[in-house]
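One-based numbering, in listed order, for ligands and for the atoms of each. Note that this is a predicted model, so its numbers are computed, not measured.
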Amino acid sequence: MPTLLIVHHTPSPNCQAMFEAVLSGTGADGIEGVEVVRRAALSATAADVLDADGYLLGTPANLGYMSGALKHFFDQVYYPCLDTTRGRPFGYYVHGGNDVTGAVRGIESITTGLGWRRAADGVTVTGEPDKADVERCWELGATIAAGLMD
Ligand SMILES: Cc1cc2nc3c(=O)[nH]c(=O)nc-3n(C[C@H](O)[C@H](O)[C@H](O)COP(=O)(O)O)c2cc1C
């Protein structure tokens with residue numbers, strides 16, 4: 001069964017709202033046969049990444065970059081997963097206070113290095129997610145999960 005790995009750093013209610021919407025989308029009506037594995041970024045391993053077929057990444061913007069937790073995840077898995085995971089689909093969401101540019105740039109840069117294929121637009125939200133933001137997160141989860149169906 002194809003596996004979708006969600007790697008997220010979720011330190012606040014606004015980040016949690018985005019995470020829950022993405023997770024809900026992965027279970028949308030009509031999506032079947034996709035196993036969804038969630039890991040906090042500080043506990044995700046290279047084995048988790050190697051065992052999965054696609055990825056969803058979630059982080060707040062911190063100090064002009066992705067969270068240290070998600071950066072640590074990439075530091076741990078980059079070389080063990082390089083080449084083996086090339087071409088696999090991924091998506092991401094970023095929550096920030098006012099400027100998520102550096103976090104998005106970092107995610108795009110590292111995933112480009114890994115050779116992952118972005119299979120949906122990244123979702124960025126600043127402040128409290130509104131209904132449309134939650135729907136974009138849901139769509140992100142549904143799109144990546146649907147793409148993994150056999
Ligand atoms: C140390 C620190 C640095 C932060 N740096 C940024 C930043 O560079 N850009 C940004 O948009 N938000 C920044 N934030 C805001 C966080 O992204 C935000 O607190 C997080 O997404 C959780 O959202 P919430 O506080 O609205 O629940 C920072 C927050 C902290 C605590």
Among all protein heavy atoms, pick out the one at the shortest distance from [atom]; state its residue, atom name and that distance to 0.1 Å.
{"atom": "atom 27 (O) of ligand 1", "result": "Ser12 OG, 2.6 Å"}
{"atom": "atom 5 (N) of ligand 1", "result": "Leu63 N, 2.7 Å"}
{"atom": "atom 9 (N) of ligand 1", "result": "Asp99 O, 3.0 Å"}
{"atom": "atom 12 (N) of ligand 1", "result": "Gly97 N, 2.9 Å"}
{"atom": "atom 26 (O) of ligand 1", "result": "Asn14 ND2, 2.8 Å"}
{"atom": "atom 29 (C) of ligand 1", "result": "Asn62 OD1, 3.7 Å"}

Taking the side chain as C-beta and beyond, is there a heavy-atom pair between His72 and Leu42 under 4.5 Å? yes

Hey, looking at atom 16 (C) of ligand 1, which of Ala61, Pro129, Pro60, Gly64 has the closest heavy atom? Ala61

Between Met18, Glu128, His95, flag the one that comes closest to atom 23 (O) of ligand 1 by a heavy atom.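 The residue whose heavy atom sits nearest atom 23 (O) of ligand 1 is His95.
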
From Leu23 CG over to Cys137 SG, what is the distance, rounded to the nearest 0.5 angstrom? 11.5 Å

Measure the CD1-CG distance between Ile144 and Leu4 for me, rounded to the nearest 0.5 Å. 7.5 Å

Is atom 21 (O) of ligand 1 in close reach of the protein, with a heavy atom under 4.0 Å away?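 Given the 4.0 Å cut-off, atom 21 (O) of ligand 1 counts as touching protein heavy atoms.
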
With sequence neighbours excluded, what pairs up with Tyr65 under the ring pair (Phe, Tyr, Trp, His ring centres under 6.0 Å) test? none

Do any heavy atoms of Asn98 fall under 4.0 Å from ligand 1?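 Flag set, Asn98 near ligand 1.
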
Give me each pair satisfying side-chain hydrogen bond (donor to acceptor under 3.5 Å, both in side chains) with a member in residues 100-110, each pair once, sequence neighbours excluded. Tyr92-Glu108, Asp99-Thr101, Glu108-Arg118

Students often mix this up, so state it plainly: with edges at 30° and 60°, are the rings of Phe74 and Trp116 parallel, tilted or perpendicular? tilted

Cluster question for you: counting only ILVMFWY and a side-chain heavy-atom cut-off of under 4.5 Å, with indirect links fine, are Ile107 and Val77 together? yes

